[in-house]
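Just below is one structure, and these are the notes that go with it.
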Amino acid sequence: MGRRRKKSVHIPKKRLPTFFSCPVCGKETVSVEINREGSQASAQCSSCTLREDFQIKQAQDPVDVYCMLTDRIYSTLKRAPIAKTKDE
């Protein structure tokens with residue numbers, strides 16, 4: 001009698017997304033284009049026409065540009081003041 005052969009487990013490699021969710025409209029339609037020679041990147045949403053341009057470094061990827069987009073959008077939004085309760 002022989003031993004049973006173990007099944008090989010194939011682990012798929014994780015890939016970064018090509019479309020990101022828009023911080024304004026919430027749909028996954030934000031695409032990032034990078035021009036390495038000019039050190040420019042642009043992120044644009046195809047549903048709500050949001051478009052931002054960024055200066056980038058050579059080592060930055062589309063995920064980094066998307067993070068810069070969300071930082072810029074959320075920093076411009078003003079937070080509503082916190083309402084005080086009667087107990088205070």
Side-chain angles (χ1 to χ4, degrees):
M1 294 190 113
R3 295 205 289 179
R4 289 189 177 196
R5 179 178 274 191
K6 291 184 180 182
K7 291 183 180 180
S8 63
V9 178
H10 178 69
I11 300 173
K13 292 184 179 181
K14 294 182 181 180
R15 295 182 182 166
L16 295 174
T18 56
F19 290 99
F20 303 96
S21 62
C22 181
V24 177
C25 67
K27 297 179 182 176
E28 289 201 20
T29 54
V30 175
S31 63
V32 176
E33 297 175 4
I34 295 179
N35 181 5
R36 298 263 185 218
E37 288 110 20
S39 298
Q40 293 280 335
S42 65
Q44 65 182 32
C45 178
S46 61
S47 65
C48 69
T49 66
L50 171 72
R51 180 178 172 91
E52 294 286 334
D53 296 322
F54 300 98
Q55 292 287 329
I56 62 167
K57 297 176 184 172
Q58 284 295 94
Q60 289 180 323
D61 289 330
V63 175
D64 301 321
V65 176
Y66 174 71
C67 289
M68 292 187 328
L69 172 72
T70 56
D71 290 343
R72 185 177 288 180
I73 295 296
Y74 290 134
S75 68
T76 58
L77 296 176
K78 294 182 180 178
R79 293 185 179 177
I82 299 172
K84 293 185 178 181
T85 59
K86 293 181 180 179
D87 295 338
E88 292 180 21

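Quick note: residue numbers are just sequence positions, from 1. Since the model is a prediction, treat every value here as computed from it, not as a measurement.
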Note, [X] side chain near [Y] side chain (heavy atom, < 4.5 Å):
X   : Y   : answer
I34 : I56 : yes
Y66 : S21 : yes
Q60 : F54 : no
C22 : C48 : yes
V32 : L69 : no

Where do Q55 and S39 come nearest, in terms of heavy atoms and distance?
->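 Looks like OE1-O, 3.3 Å.
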A59 versus D64, closest heavy-atom pair with distance |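 Scanning both residues completely, I find the closest heavy atoms to be O-OD2, 4.4 Å.
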Nearest 0.5 Å, what's the [atom1]-[atom2] distance between [X] and [Y]?
X   : Y   : atom1 : atom2 : result
E28 : C45 : CD    : SG    : 11.0 Å
E52 : M68 : CD    : CE    : 10.5 Å
E37 : Q58 : CD    : CD    : 9.0 Å
Q44 : S31 : CD    : OG    : 5.0 Å

Do F19 and V65 belong together in a cluster built from hydrophobic side chains that touch within less than 4.5 Å?
->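 No: no chain of side-chain contacts under 4.5 Å links F19 to V65.
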